[in-house]
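Some notes on the structure that comes next.
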Amino acid sequence: MTADDRPKGPPSATADSAFLKACRREPVPHTPVWFMRQAGRSLPEYRKLREGIAMLDSCMRPDLVTEITLQPVRRHDVDAAIYFSDIVVPLKAIGIDLDIKPGVGPVVAQPIRTRADLQRLRPLGPDDVPYVTEAIGMLTRELGGTPLIGFAGAPFTLASYLVEGGPSRNHEHTKAMMYGDPELWAELLDRLAGITASFLSVQIEAGASAVQLFDSWVGALAPEDYRQRVMPASVKVFDAVADYGVPRIHFGVGTGELLGLMGEAGADVVGVDWRVPLDEAARRVGPGRALQGNIDPAVLFAPHTAVAEQADRVLRAAEGLEGHIFNLGHGVLPDTDPEALTRLVAHVHERTAR
Ligand SMILES: Cc1c2[nH]c(c1CCC(=O)O)Cc1[nH]c(c(CCC(=O)O)c1C)Cc1[nH]c(c(CCC(=O)O)c1C)Cc1[nH]c(c(C)c1CCC(=O)O)C2
């Protein structure tokens, strides 16, 4: 078979998975479950593998990426894998001098603050990230029918790291640019949208069967500012990958007031943190989109009976939804007992088996 007659889209076992069905709002055999940050420090097998290897170095090694991505799938029986990487990997790939400091997060050597600084944000192509294509090829072979979710950071969240130079509570420099020099801000976001769109396209072309855009810190914005100053860039990202036909998930934290707009930006699935019950989130998002979420990650530190109770509360709120993917309201906290996650997956599968 030549490349041209190969069937388009994921193989049928993957296409028929509960996860992709829920994304498409089709009936499912059980509610699919995966966890943001399911790979990582909560797993002893991850900590062992990462010993002595810097985070960003591990992201550039297809053998490690493949093994780390598979670890939570083997252990927890989750319904999807998420590609092991980080939101700053495409920025590193185009030559931005940055590092991920343990216990801190991404730190940028020279923050982007002026028009001249923008020149450092050149477009990204597949040749900048050969390890992504290689790792995803290996992964899709290993995963069989389990779908692989690709991901990228959204323009606002990436801009925040670049402009602040690192993690920030108040996003002062970012907002100073957004309000003080709207033209420079718009150009920064537009460049980041191009980089993000290319990075997602590379992942989809290599075999990712869904993508998630993480706009983790966008909840810091009022709806009108989001609509005018950020949403156009996120729309550009979603539009750029629309023709692939893979589900597009859009997630942020503290986004209760933004959920409708985040759906409108072009998402097929809207991720919801734990602050808004899913039935209320569905009213805010409107029809035609699935929802993902939303148990509080800190609940996993309570005994299993309490975790199960909270999971049931999420499932009850999700009863009337067109499509529901069970997840946490944000990433797995590093000190979470992995056994609690395994039991939660089993509980949701059992409760929702149809
Ligand atoms: C904001 C953000 C980042 N990175 C990411 C986001 C968006 C998701 C979110 O809101 O949580 C995305 C991300 N980063 C990582 C993944 C792995 C895939 C998965 O979900 O399993 C994903 C999806 C690996 C990682 N990314 C990082 C780790 C920890 C580093 C390590 O294990 O040494 C992992 C496993 C580092 C990182 N990178 C970032 C932070 C805040 C940190 C944590 C710093 C720390 O507490 O040490 C930036």
Side-chain angles (χ1 to χ4, degrees), residues 33-61 64-76 78 80-92 96 98-108 132 135-136 139 146 148-162 164-169 171 174 196 199-200 203 208 210-220 249-255 271-274 292-294 297 325 327-336 338 341:
V33 188
W34 72 278
F35 302 120
M36 293 181 274
R37 297 278 182 99
Q38 63 190 14
R41 283 173 297 182
S42 65
L43 301 183
E45 59 270 37
Y46 168 82
R47 295 196 296 266
K48 184 148 181 266
L49 205 60
R50 277 281 321 282
E51 251 167 49
I53 305 170
M55 174 65 194
L56 282 171
D57 291 340
S58 70
C59 294
M60 293 170 196
R61 285 184 44 184
L64 284 181
V65 169
T66 301
E67 175 57 23
I68 293 172
T69 302
L70 292 172
Q71 283 175 347
V73 179
R74 290 192 201 110
R75 189 192 256 267
H76 301 311
V78 281
I82 178 155
Y83 180 71
F84 182 79
S85 182
D86 192 82
I87 58 167
V88 296
V89 164
L91 302 177
K92 180 88 180 172
I96 302 290
L98 59 83
D99 201 1
I100 294 181
K101 295 236 155 61
V104 178
V107 176
V108 181
V132 173
I136 292 186
L139 270 167
T146 303
L148 176 70
I149 303 168
F151 77 89
F156 177 81
T157 292
L158 292 178
S160 170
Y161 283 110
L162 286 171
E164 302 297 332
S168 163
R169 182 185 295 263
H171 313 280
T174 313
T196 295
F199 191 58
L200 290 177
Q203 295 175 66
V211 287
Q212 175 155 325
L213 191 65
F214 280 97
D215 212 348
S216 302
W217 312 138
V218 79
I249 311 170
H250 199 183
F251 170 79
V253 182
T255 51
V272 183
D273 81 5
W274 63 93
Q292 176 172 280
N294 67 342
I325 297 135
N327 204 315
L328 307 181
H330 197 184
V332 173
L333 296 165
D335 293 329
T336 306
L341 292 167

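Whatever order the structure lists ligands and atoms in, that order sets their numbers, starting from 1.
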Next item on the list: Could you label the plane-to-plane angle of the H330 and W217 rings as parallel, tilted or perpendicular, counting under 30° as parallel and over 60° as perpendicular?
Entry: perpendicular
Margin query: Can you name the atoms of ligand 1, numbered from 1 with element, that are less than 4.0 Å from a heavy atom of I82?
Written below: 18 (C), 19 (C), 20 (O), 21 (O)
Margin query: For atom 22 (C) of ligand 1, what is the closest protein heavy atom, and at what distance to 0.1 Å?
Written below: F151 CZ, 3.5 Å
Check: Do you know the tightest heavy-atom contact between V78 and W34?
Finding: CG1-CA, 3.9 Å
Check: Can you list the atoms of ligand 1 that are under 4.0 Å from a heavy atom of P102?
Finding: 47 (O)
Note to self: I need the atoms of ligand 1 closer than 4.0 Å to a non-hydrogen atom of I100, numbered in the order shown.
What the structure shows: 36 (C)
Item checked: Shortest heavy-atom approach to atom 26 (N) of ligand 1 - which of D86, L43, V253, I68 -> D86
Note to self: Do Q292 and I249 make a side-chain contact, defined as non-hydrogen atoms from C-beta onward lying under 4.5 Å apart?
What the structure shows: yes
Next item on the list: In plain terms, say whether E45 and R74 are close enough for a salt bridge, that is, a side-chain N and a carboxylate O under 4.0 Å apart.
Entry: no
Note to self: Under a 4.0 angstrom heavy-atom cut-off, which atoms of ligand 1 come close to F214?
What the structure shows: 7 (C), 8 (C), 23 (C)
Next item on the list: Compute the shortest N/O to N/O distance between Y46 and ligand 1 and return yes if it is under 3.5 Å, no if not.
Entry: yes
Check: Can you find a pair of side-chain heavy atoms, one from L70 and one from L139, that are under 4.5 Å apart?
Finding: yes
Note to self: Please find the pair of heavy atoms, one from H171 and one from A220, that lie closest to each other, and give the distance.
What the structure shows: CD2-CB, 3.6 Å
Check: If you count the atoms of ligand 1 from 1 in the order shown, which ones are under 4.0 Å from a heavy atom of S216?
Finding: 1 (C), 7 (C), 8 (C), 9 (C), 10 (O)
Notebook entry, point to check: Quick one: are T69 and V73 in side-chain contact, heavy atoms under 4.5 Å?
Noted result: no
Notebook entry, point to check: Hey, is ligand 1 close enough to A39 that some N/O pair sits below 3.5 Å?
Noted result: yes
Item checked: Geometric N/O contact W34 with ligand 1, under 3.5 angstrom -> no
Check: Just heavy atoms, cut-off under 4.0 Å: does M55 contact ligand 1 by side chain, backbone, both, or neither?
Finding: side chain
Next item on the list: Starting from atom 13 (C) of ligand 1, find the nearest protein heavy-atom neighbour and note its residue, name and distance.
Entry: R37 NE, 3.5 Å
Check: What residue and atom, counting heavy atoms only, is the protein's closest point to atom 33 (O) of ligand 1, and at what distance?
Finding: R50 NH1, 2.9 Å
Next item on the list: Assess whether side chain to side chain contact (heavy atoms under 4.5 Å, CB included) is satisfied between T66 and Q71, documenting all intermediate values.
Entry: CA-CA 9 Å; T66 301; Q71 283 175 347; over 6 Å; no
Notebook entry, point to check: Y83 to ligand 1: N or O pair under 3.5 Å?
Noted result: no
Notebook entry, point to check: Considering only heavy atoms of F84, which atoms of ligand 1 have at least one such atom less than 4.0 Å away?
Noted result: 24 (C), 35 (C)
Note to self: So for ligand 1, is G103 a polar contact partner (N or O within less than 3.5 Å, distance only)?
What the structure shows: yes
Note to self: So if I count the atoms of ligand 1 from 1 in the order they appear, which ones are less than 4.0 Å from some heavy atom of M36?
What the structure shows: 20 (O)
Notebook entry, point to check: Does the side chain of V132 come within less than 4.5 Å of F199's, by heavy atoms?
Noted result: yes
Checklist line | Ligand-side contact atoms (ligand 1) for residue partner S85, heavy atom cut-off under 4.0 Å | finding: 14 (N), 15 (C), 16 (C), 17 (C), 24 (C)
Next item on the list: For the residue pair Y46 and P72, establish whether any side-chain heavy-atom pair is separated by less than 4.5 Å.
Entry: no
Margin query: When you measure from the heavy atoms of P106 to every atom of ligand 1, does any distance fall below 4.0 Å?
Written below: yes
Notebook entry, point to check: Looking only at distance, does R41 have an N or O less than 3.5 Å from an N or O of ligand 1?
Noted result: yes
Checklist line | Over all atoms of both residues, closest heavy-atom pair of I136 and A208 | finding: CG2-N, 3.9 Å
Note to self: Does ligand 1 come near enough to H330 that some N or O of the ligand is less than 3.5 Å from an N or O of the residue?
What the structure shows: yes
Margin query: Can you confirm whether T336 sits close enough to R41 that some side-chain heavy atom of one is under 4.5 Å from a side-chain heavy atom of the other?
Written below: no
Checklist line | F151/F214 aromatic ring centres below 6.0 Å | finding: yes
Margin query: Which residue and atom name correspond to the protein heavy atom nearest atom 41 (C) of ligand 1, and how close is it?
Written below: Y161 OH, 3.7 Å
